[in-house]
Amino acid sequence: MRFRATIENVQIFFRIIQAMEKLQKKCIIKFTETDMHVICNDEANEGGIQVWSVVKVDSVFTSYRIQSNANNEITVTLSTEALLSALRSSSSSASSSSVAASILPTYDADEVVMKLAKKNDQAVLSFEMFGVSRSGRKVRVAHDVRIDVMRPTDVDKLHEPLCPEPDVNILLPSLQKLRTIVERLRPLSDVLALRANNNGKLQLSINTDTVKLETQWLKCANPPMAKEGLAQNTDDAEDVSLDKPDPDKLFSVLVSVRSFLQFLNSHVVSTTTIACLCQNHCAILYVYIGEIADAGGVLTYYIPTVIDGDD
């Protein structure tokens with residue numbers, strides 16, 4: 001079993017793991033010859049939220065080499081915090097916050113190499129950073145992250161949640177702006193209603209015994225979606241439009257406010273996000289890395305509905 005790669009885009013890798021770290025203390029990363037899958041599927045997560053991400057190898061790595069007896073696939077579990085720390089130590093460009101800048105290293109890495117290794121009989125992802133300090137001296141820094149390599153039989157048991165065909169797909173406004181609104185709603189209710197129709201209307205609302213609030217957006221796009229979560233070409237989707245319901249009919253999903261806020265932490269990654277609502281079942285949220293047409297990957301969030309007696 002061998003694995004080695006140069007991390008060409010540290011910032012994207014850092015931001016993906018930053019979003020995962022807000023959700024779960026440990027995650028699963030599956031490396032294949034073409035993709036990196038980052039999975040958070042712990043049933044104990046707030047509101048049952050799960051994330052299944054697929055990132056194209058060439059959007060993050062160069063000099064990528066992988067070899068194993070399991071179809072050249074390697075799947076590991078590791079601490080999201082430890083991985084985030086390793087990526088943070090590679091470059092001050094990994095994070096733009098002033099707080100992070102105060103604890104980041106006094107060098108920028110020209111090259112960051114990640115490889116599978118074993119140290120003291122413990123499997124690790126070993127990070128080596130080669131760069132120049134601010135005083136002009138050459139620097140080499142090593143950072144090991146402990147991992148557990150999953151057996152192929154356990155990997156085969158990993159399955160994304162089964163969901164019905166969505167009733168509506170809608171392009172979300174800026175996740176950063178949504179986060180500001182939902183943060184203000186959090187002290188007022190534990191449950192948030194997501195509603196959308198096929199005529200570009202999106203609503204976020206809370207409804208309790210003491211308060212009822214609703215925020216609405218109009219003229220949002222309703223992109224057709226393929227099964228794998230990539231937006232279809234509109235020409236290819238003309239036949240599908242014949243089966244659409246009344247475009248003004250609103251479809252609704254009730255979700256945990258805290259779960260939705262955990263999803264909104266992905267604003268650090270997102271340029272485009274599409275929400276797919278399955279009436280009274282779940283919300284599926286596709287966070288694209290880059291523009292949809294040439295996305296370097298997609299983070300797929302599954303948030304199941306919550307049962308609320310007032311609905």
When rounded to the nearest 0.5 angstrom, what is the spacing between [atom1] in [X] and [atom2] in [Y]?
X      : Y      : atom1 : atom2 : result
Ile49  : Arg258 : CD1   : CZ    : 11.5 Å
Thr75  : Arg151 : OG1   : CZ    : 13.0 Å
Glu160 : His37  : CD    : NE2   : 9.5 Å
Leu175 : His267 : CG    : NE2   : 8.0 Å
His281 : Glu165 : NE2   : CD    : 12.5 Å
Ser59  : Asp35  : OG    : CG    : 9.0 Å

Specify the closest pair of heavy atoms between [X] and [Y], including all atoms of both residues, with the distance to one decimal.
X      : Y      : result
Ala295 : Lys56  : O-NZ, 3.1 Å
Ala283 : Leu194 : CB-CD1, 4.1 Å
Ala275 : Leu285 : CB-CD2, 3.6 Å
Pro164 : Cys278 : O-SG, 3.4 Å
Leu299 : Ser53  : CG-OG, 3.3 Å
Val145 : Ala86  : CG2-CB, 3.8 Å

Validation row: [X], [Y] side chains within 4.5 angstrom (heavy atoms):
X      : Y      : result
Val191 : Val255 : no
Lys212 : Ser205 : no
Cys282 : Ile284 : yes
Leu83  : Phe127 : yes
Leu261 : Asn265 : no
Ile29  : Leu78  : yes
Leu84  : Phe14  : yes
Val155 : Lys30  : yes

- [ ] Verify side-chain contact (heavy atoms from CB on, under 4.5 Å) between Asp148 and Lys26, making sure each step is shown before the conclusion.
- [x] CA-CA 11 Å; Asp148 291 311; Lys26 283 196 167 188; 4.2 Å; yes

Would you say [atom1] of [X] has more than 12 non-hydrogen atoms from neighbouring residues, nucleotides or ligands within 6.0 angstrom?
X      : atom1 : value
Asp156 : CG    : yes
Leu218 : CG    : yes
Asp154 : CG    : yes

Has [X] got a side-chain atom pairing as donor or acceptor with [Y]'s backbone, closer than 3.5 angstrom?
X      : Y      : value
Thr305 : Leu254 : yes
Glu73  : Phe31  : no
Lys22  : Phe263 : no
Asn197 : Asn199 : yes
Ser266 : Val269 : no
Thr80  : Gln24  : yes

Open item on the list: Evaluate Ile170 against Trp217 for side-chain contact (heavy atoms from CB on, under 4.5 Å), listing each step before the verdict.
Closed with: CA-CA 11 Å; Ile170 195 161; Trp217 290 262; over 6 Å; no

Open item on the list: Measuring centre to centre across the rings, with the benzene-like ring taken for any Trp, is Tyr301 within less than 6.0 Å of Tyr286?
Closed with: no

Open item on the list: Just by distance, no angles: are the side chains of Asn169 and Asn222 close enough, under 3.5 Å, to form a donor-acceptor pair?
Closed with: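 There is no such pair between these side chains.
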
If you look only at distance, which donor and acceptor atoms sit under 3.5 Å apart when one is on a side chain in residues 178-186 and the other is two or more places apart or in another chain?
from, atom 1, to, atom 2, distance (Å)
Thr180, OG1, Gln176, O, 3.2
Glu183, OE1, Arg186, NH2, 3.0

Task: Stepwise side-chain contact (heavy atoms from CB on, under 4.5 Å) test for Cys220 and Lys201 - done: CA-CA 6 Å; Cys220 299; Lys201 180 185 286 187; over 6 Å; no

Under 4.5 Å between side-chain heavy atoms, counting indirect links through other Ile/Leu/Val/Met/Phe/Trp/Tyr residues: same cluster for [X] and [Y] or not?
X      : Y      : result
Ile206 : Leu250 : no
Val211 : Leu204 : yes
Ile74  : Phe61  : yes
Val60  : Val54  : no

Open item on the list: Please determine whether side-chain contact (heavy atoms from CB on, under 4.5 Å) holds for the pair Ile16 and Val55, giving the CA-CA distance in whole Å, both sets of side-chain angles, and the decisive distance to 0.1 Å.
Closed with: CA-CA 10 Å; Ile16 292 169; Val55 183; 3.7 Å; yes

Less than 3.5 Å apart, which donor and acceptor atoms pair up between the side chains of residues 111-126 and the rest of the protein, not counting sequence neighbours?
from, atom 1, to, atom 2, distance (Å)
Lys115, NZ, Glu128, OE1, 3.4
Lys119, NZ, Asp144, OD1, 3.3
Lys119, NZ, Asp144, OD2, 2.9
Gln122, OE1, Arg146, NH2, 2.9
Gln122, NE2, Ile147, O, 2.9
Ser126, OG, Asp144, OD1, 3.0

Task: Ionic contact status for Lys25 with Glu81, cut-off 4.0 Å - done: no

Open item on the list: Using the rule given for side-chain hydrogen bond (donor to acceptor under 3.5 Å, both in side chains), can you reason through Glu33 versus Asn72, listing the C-alpha separation, both sets of side-chain angles and the distance that settles it, and then say yes or no?
Closed with: CA-CA 7 Å; Glu33 293 178 319; Asn72 290 335; 2.8 Å; yes

Mind listing the side-chain donor-acceptor pairs of residues 1-10 below 3.5 Å, one per line with the distance, residues two or more places apart or on another chain?
from, atom 1, to, atom 2, distance (Å)
Asn9, OD1, Ile12, N, 3.1

